[in-house]
Amino acid sequence: MTTDRRPTRALVASAVVPLGVAVTGTATAYAVRDRLPDRLAVHWGVDGAPDRYSSFTGAVVTAAALTVAVPLAIIGLGALMHRSARGPVAAIAGGLSVALGGLLFGGLLAQRPGQPPQAFPPQWAVPSLVLAVLVGVGLWRWGRITPPEVTGPRGPLPADAARLDVAPTTRLAWTGRASLPTGPALALAVVVALPLVWVALAGLPWVWLLALALGALLAVTLSARVVVDSAGLRVSSAGFTWSRVPLERVTSATTCTVSPLREFGGWGWRLAMDGRRGYITRAGEALVVHRVGEPDVVVTVDDADEAAAVLNTLAART
């Protein structure tokens with residue numbers, strides 16, 4: 001059996017992206033140096049006014065260093081993770097490097113003598129964010145692992161796998177919801193959106209769009225419908241599928257107790273170091289789906305034992 005090298009290649013390619021962005025941004029800055037002020041704004045206060053300035057060289061070096069250092073740190077972590085996680089990590093690192101480079105260098109290149117500098121000039125910020133999404137999606141698709149084919153009859157489920165005592169012809173389905181409790185969800189929304197709202201009120205109205213987009217992303221990310229039926233497992237919200245495990249790829253289902261920070265590093269759609277995919281909205285009870293030739297899928301949901309029993313019963317029929 002040959003090893004699929006695409007995830008590793010995507011991760012390596014994502015390491016080239018920040019270097020290319022930093023070099024391009026630096027070269028562009030030097031090409032238009034005579035059009036820029038002698039001192040460049042490099043930080044803005046909550047009122048939208050610049051409160052820190054730097055020399056041209058200092059500003060460019062700082063922008064290049066941040067553009068490279070942050071994505072490379074993520075890539076280094078990705079290199080330590082399970083091979084199946086490298087594609088998503090590559091997408092995050094590559095997209096982030098484009099966004100950082102566009103915002104940091106764009107904020108410098110848009111400044112002109114005698115004009116008040118903007119923290120997020122839209123002529124740079126908007127194209128940078130769009131390009132970041134395109135680069136991220138491209139690396140994600142490149143780094144995806146093709147699951148091994150399922151051939152031959154299914155092996156027996158583990159003897160201790162929970163299942164329902166029902167007739168083989170009984171139609172079964174189970175639904176639940178994985179969502180962050182209301183209090184923490186509101187607190188997180190305030191922490192994420194408040195700085196953007198402040199910037200928008202300070203004189204950059206287009207940032208309202210970014211604040212609304214992030215609010216919508218939070219709403220979609222932190223609450224999802226979990227369905228177990230004859231098609232397998234689906235975790236989806238607002239028409240977007242976070243996780244899908246076809247029934248023929250289920251080897252068994254169990255439950256566990258999850259610690260979001262210790263095991264997955266946070267909340268939402270997550271990747272563990274061992275390659276497990278998780279839709280994690282809280283600590284506690286979770287459904288664990290073991291897959292054919294792929295890492296497990298973990299979903300925090302109430303009554304996970306019922307979901308596991310239904311899924312095992314359906315899997316045994318195939």
Side-chain angles (χ1 to χ4, degrees), residues 1 3-4 81-85 88 144-180 223-237 240-318:
M1 181 179 68
T3 300
D4 190 344
M81 298 178 73
H82 188 273
R83 185 170 56 89
S84 66
R144 287 190 305 179
I145 290 180
T146 302
E149 293 185 6
V150 179
T151 58
R154 173 191 299 279
L157 267 69
D160 59 350
R163 65 194 81 188
L164 301 178
D165 184 14
V166 295
T169 56
T170 303
R171 295 182 63 181
L172 296 175
W174 182 93
T175 61
R177 180 156 291 276
S179 59
L180 195 68
S223 180
R225 185 168 181 252
V226 183
V227 177
V228 174
D229 57 19
S230 59
L233 170 75
R234 294 189 308 281
V235 182
S236 58
S237 53
F240 184 86
T241 300
W242 293 103
S243 291
R244 179 178 178 273
V245 184
L247 193 60
E248 63 270 15
R249 305 203 67 84
V250 176
T251 60
S252 66
T254 58
T255 63
C256 72
T257 300
V258 168
S259 175
L261 283 175
R262 186 177 71 248
E263 297 181 55
F264 289 92
W267 294 262
W269 188 87
R270 312 296 296 181
L271 285 167
M273 293 295 292
D274 58 5
R276 286 178 300 163
R277 269 61 170 168
Y279 190 86
I280 310 299
T281 56
R282 55 168 173 74
E285 183 182 15
L287 170 68
V288 183
V289 181
H290 306 289
R291 300 186 291 175
V292 177
E294 298 179 274
D296 298 342
V297 171
V298 181
V299 184
T300 53
V301 65
D302 292 333
D303 300 320
D305 54 341
E306 294 180 2
V310 172
L311 191 57
N312 284 331
T313 304
L314 291 168
R317 295 176 179 178
T318 63

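Throughout, numbering of the chain's residues begins at 1 and tracks the sequence.
In terms of the side chain to side chain donor-acceptor pair (under 3.5 Å) criterion, Trp267 has no residue partners (sequence neighbours excluded). Judged as a side chain to side chain donor-acceptor pair (under 3.5 Å), and not counting sequence neighbours, Arg244 has no contacts. In this structure Glu306 satisfies the salt bridge (Lys or Arg N to Asp or Glu O under 4.0 Å) test with no other residue, sequence neighbours excluded. For Thr241, the side chain to side chain donor-acceptor pair (under 3.5 Å) criterion is met by no residue, not counting sequence neighbours. Every side chain to side chain contact (heavy atoms under 4.5 Å, CB included) that Arg276 has, sequence neighbours left out, goes to Glu263, Phe264, Ala272, Asp274, Asp296, Val298. Residues satisfying the side chain to side chain contact (heavy atoms under 4.5 Å, CB included) criterion with Ala159, sequence neighbours excluded, are absent altogether. Considering only residues two or more places apart in sequence or on other chains, Asp229 meets the salt bridge (Lys or Arg N to Asp or Glu O under 4.0 Å) condition with Arg234. Scanning for salt bridge (Lys or Arg N to Asp or Glu O under 4.0 Å) contacts around Asp302 gives Arg282, with sequence neighbours left out. Taking the side chain to side chain donor-acceptor pair (under 3.5 Å) definition, one finds that Arg249 meets it with Glu294, sequence neighbours left out.
When only modelled atom types and interatomic distance are considered, Ser237 and Arg225 share no side-chain donor-acceptor pair under 3.5 Å.
The shortest non-hydrogen separation linking Ser230 to Leu314 is N-CD1, 4.0 Å. When every heavy atom of Pro88 is checked against every heavy atom of Arg277, the shortest pair comes out as CG-NH2, 4.2 Å. Nearest heavy-atom pair across Trp269 and Trp242 is NE1-O, 3.3 Å.
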Below 3.5 Å, can you tabulate the donor-acceptor pairs from side chains in residues 252-260 to any protein atom, sequence neighbours excluded?
| residue | atom | partner | partner atom | Å |
| --- | --- | --- | --- | --- |
| Thr254 | OG1 | His290 | NE2 | 3.1 |
| Ser259 | OG | Arg262 | NH1 | 3.4 |

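Sorted by first and then second residue, the salt bridge (charged side-chain N to carboxylate O under 4.0 Å, His left out) pairs with a member in residues 307-318 form an empty list; sequence neighbours excluded. Within the structure, side chain to side chain donor-acceptor pair (under 3.5 Å) contacts touching residues 157-166 (residues at least two apart or in different chains) do not occur.
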